[in-house]
Trainee: 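There's a structure below that I have some questions on.
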Protein chains: 2
Amino acid sequence: MVKLSDVAARAGVSVSAVSRVLSGDPSARVSEATRERVRKAAAEVGYHPNFAGRALKLARTDVIALIVPDLTNALFAELTRGVEDAAVARGCVMLLARSEVMQPGGKMFDRLVGEGRVDGIVLQPRDGTDPDELARTVGERATLVTIHHRIPGASSVVVPDALAARRATEHLIALGHRRIGFAGGLTASPTAQRRVEGYREALLEAGLPGDPDLITWHGYREADGEASAAELLALPQRPTAIVAANVNAAVGVLAEAQAQDIAVPDDLSVVAIHDAWTAEHTWPPLTCVRMPLYELGRTAVTALAEAIDGGPVTHRTVDDPEPVLVPRASTAAPAS
Amino acid sequence: MVKLSDVAARAGVSVSAVSRVLSGDPSARVSEATRERVRKAAAEVGYHPNFAGRALKLARTDVIALIVPDLTNALFAELTRGVEDAAVARGCVMLLARSEVMQPGGKMFDRLVGEGRVDGIVLQPRDGTDPDELARTVGERATLVTIHHRIPGASSVVVPDALAARRATEHLIALGHRRIGFAGGLTASPTAQRRVEGYREALLEAGLPGDPDLITWHGYREADGEASAAELLALPQRPTAIVAANVNAAVGVLAEAQAQDIAVPDDLSVVAIHDAWTAEHTWPPLTCVRMPLYELGRTAVTALAEAIDGGPVTHRTVDDPEPVLVPRASTAAPAS
DNA sequence: AACAATTGCGCAATCGTTTGATCAGTAGCT
DNA sequence: AGCTACTGATCAAACGATTGCGCAATTGTT
């Protein structure tokens, strides 16, 4: 591994000079001729600053961790890209981890923050995580930004959930649906709460009755979508359309409809909040409301960087671009 | 951040003694009484060894990187779990990256290995990567284990692709199919080559003719599966069953069949190589051949650890557990 | 021409950990 | 008592990069 002193020897200067030149210290007093020789020498031997030495001296690793509940979820693809792009733009490396193994309070989380392996963490808490307990276990030890959730003492970033649910519902209303079901996440999930709120607003505004039976709280996974659909389709007065709180749940809704021989979209329209490539390949392809997840990731990194630099705790909502409806084949006017 | 000297002061001993006790140095000559005091002090102040200091001294980070083409692919879930479990068992942290941003030869890859951020890398090359070029850009700079591919000079681990394809094909033959299509990956992909080989073996053994028209080479993504299905279903003598080289491609096959109003499994059976939770939620649920991807991940870490410790380059095939057929609803006896 | 200010660069301490060398004290042996 | 052998613990030198400070040499000022 080529080090600073190798470059220094080759350029015929001291290590300090090399360090200053290569790190671009503006207050460094080094002649342009020397700078040139140093840069040339560094390039020739292929110098890269040793990570450990640098981290030790600077007490900074330029690593940020992104912890999500489930890496395989297509929804995290956009988020991950956003976080990674923003991290790279700041010269950081992104360390990605599943929250299953990287539970706050867990051994691995301890290592991450306790051993000073990361400068900060972007965390999407799992559904059902208690915010207060999370705040307690993280405490002062790590710089944290949460997404989709707010916990005391940490910055957070969310997407306009209510607006997205509203757009989805409005789309169905515009098509002529009057009995619209909602397949939501867990009751405890603040995201789910915001979404059902948007759904209710849209109904209210259209002068439609809000039947509580039409709202289910199962969760965000396929199986949860199936359960929601089963519940809604068993209703004496079955809905003609369903807003699913998430693409995965929507896939479950489609599966349950298929299993019950209910044609989509002829007998049942389905619209999902969030978009992902998986939505294009279901049958029928899913109408979605696309959320600014890429920007969510970027914003989270911005918030994290500010917090690391000692900035105040902030709570942001990503509202650009707005949630937008992506019409596909799973929605149509009701049959009747 | 509490450090060694803090623990030492609290226990009333030198830092060296603390270091030796806590790192469990067997050759250390420290009395049991002192050991106890040190451990107690460390626990009381919540000591974690500083990552940077340790890495600097030991020239080892205990971080391994896993680089895959696409994080959102459900197939990587098992692999990732395997790598992570094995890494944790060795006291390592896993850094996960998309190969898109972490291309060997790219800036980020350079930082990873050049700055000494990782001890080694488990890499799944993207389809179409030239092995020789990969070997050249990585060179001596990083300890590497590739999965699914072999490149000169690096250890590798693969799964029994031929056997899996063979099991899938045998399943269809047992159901009574005689005209079986193959929706393969890219021709350049060695994985795809091995799979088509297994497919051919099964046909041969059953005494069925191997029609080259029945083999397509589009790729592993949904769209590729659709293209493969379109090609196969347009054949004058259409196959009654298709072996898809991968779950995602199989989803594409299902979508294309739906689009053409071809009923699965009544008019067309579909079996996918690999299993993933997504396969349970397609319509109809996909019959799959489950591959030992978790073990692939574990084995890759074992191979990497050996290579890091200076062991020889090895090439392994994970053959325990064997590929096993998971029957679901997408396969049945042919209609005729 | 004398002095101050500035430029260009190197010295050496520092970050936290590990580890070979060292040293004082005690026990064992003759 | 005199010697060796061992025990229990400390000292100090690394690892590689950063940075405040100091020291010449040069330039600028009067």
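In what follows, chains carry the letters A, B, and so on, assigned in the order in which the sequence lines appear, proteins first and then strands, with residues in each chain numbered from 1. Keep in mind that the numbers below use all heavy atoms, side chains included, and drop hydrogens, waters and symmetry copies.
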Trainee: Do B:Arg316 and B:Glu306 meet the salt-bridge criterion of a basic N to acidic O distance under 4.0 Å?
Mentor: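 Salt bridge present between B:Glu306 and B:Arg316.
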
Trainee: If you find the nucleotide of DNA chain C closest to A:Ser31 and the one closest to A:Gly53, which residue's nucleotide is nearer the 5' end?
Mentor: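 This one resolves to A:Ser31.
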
Trainee: May I ask you to verify whether the side chain of B:Arg20 and the base of D:dT10 hold a donor-acceptor pair under 3.5 Å?
Mentor: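 Donor-acceptor pair under 3.5 Å: yes.
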
Trainee: Near A:Arg35 CZ, under 6.0 Å, is it more than 12 heavy atoms from other residues, nucleotides or ligands?
Mentor: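 Enclosed: over 12 neighbouring heavy atoms sit under 6.0 Å from CZ of A:Arg35.
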
Trainee: Would you mind reading off the distance between A:Arg60 atom CZ and C:dG16 atom C1', rounded to a whole angstrom?
Mentor: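 In whole Å, C:dG16 C1' and A:Arg60 CZ are 17 Å from each other.
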
Trainee: State, with a plain yes or no, whether a side-chain heavy atom of B:Asp130 is found less than 4.5 Å away from one of B:Leu134.
Mentor: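 In short, these two side chains do not touch, never coming nearer than 4.5 Å.
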
Trainee: How long is the line joining CG of B:Leu22 and C1' of C:dG16, in whole Å?
Mentor: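 It is 13 Å, rounded to the nearest whole Å.
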
Trainee: Given atom CZ of B:Phe51 and atom P of C:dT17, what is their separation to the nearest angstrom?
Mentor: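 Taking atom P of C:dT17 as the reference, CZ of B:Phe51 is at 13 Å.
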
Trainee: Out of C:dG10, C:dT18, D:dT10, which has the shortest distance to the side chain of B:Ser14?
Mentor: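 In terms of side-chain proximity for B:Ser14, the closest of C:dG10, C:dT18, D:dT10 is D:dT10.
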
Trainee: Do B:Ser16 and D:dC11 share a donor-acceptor pair, side chain to base, under 3.5 Å?
Mentor: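 Flag set: donor-acceptor pair detected.
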
Trainee: Check whether the side chain of A:Lys3 and the base of D:dA17 form a donor-acceptor pair under 3.5 Å.
Mentor: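 No pair found.
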
Trainee: Tell me which of B:Val13 and A:Met1 sits closer to the 5' end of DNA chain D, going by the nucleotide each one is nearest to.
Mentor: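 The residue whose closest nucleotide sits nearer the 5' end is B:Val13.
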
Trainee: What about A:Arg29, does its side chain sit under 3.5 Å from the base of D:dG20 through a donor-acceptor pair?
Mentor: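 No, the side chain and the base share no sub-3.5 Å donor-acceptor pair.
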
Trainee: Take B:Glu32 and B:Leu56, find for each the nucleotide of DNA chain D with the closest heavy atom, and name the residue whose nucleotide sits nearer the 5' end.
Mentor: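 So the residue in question is B:Glu32.
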
Trainee: Is the closest basic N to carboxylate O distance between B:Glu36 and B:Arg39 below 4.0 Å?
Mentor: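 A salt bridge is present here (some side-chain N lies under 4.0 Å from a carboxylate O).
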
Trainee: Check B:Arg81 with B:Glu78, please: is the shortest side-chain N to carboxylate O separation under 4.0 Å?
Mentor: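 Yes.
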
Trainee: CZ of A:Arg35 versus C1' of C:dC9: gap in Å, rounded?
Mentor: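 Distance check: A:Arg35 CZ to C:dC9 C1' gives 12 Å.
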
Trainee: Rounded off to whole Å, could you give me the CG-to-C1' distance for the A:Leu58 and C:dT14 pair?
Mentor: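 After rounding, the reported distance stands at 12 Å.
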
Trainee: How many Å lie between CG on B:Asp25 and P on D:dT7, as a whole number?
Mentor: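 Roughly 15 Å, once rounded to whole Å.
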
Trainee: Given D:dA17, D:dT19, C:dT18, identify the nucleotide with an atom nearest to the side chain of A:Pro49.
Mentor: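 Of all the options, the side chain of A:Pro49 is nearest to D:dA17.
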
Trainee: Measure the distance from CZ on A:Arg37 to P on C:dC9 and round it to the nearest whole Å.
Mentor: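 The distance from CZ of A:Arg37 to P of C:dC9 comes to 7 Å, rounded to the nearest Å.
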
Trainee: Counting only side-chain nitrogens and oxygens, does A:Ser23 get under 4.0 Å of the OP1 or OP2 atom of D:dT18?
Mentor: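 Negative; the distance criterion is not met.
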
Trainee: Distance check: side-chain N/O of A:Ser19 vs OP1/OP2 of D:dT18, anything under 4.0 Å?
Mentor: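 Indeed, a polar side-chain atom of A:Ser19 lies that close.
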
Trainee: When the distance from CZ of B:Arg54 to C1' of C:dT19 is rounded to whole Å, what number comes out?
Mentor: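 Whole-Å distance recorded here is 13 Å.
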
Trainee: For D:dG16 and A:Tyr47 - does any side-chain N or O of the residue sit under 4.0 Å from the phosphate oxygens OP1/OP2?
Mentor: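 No.
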
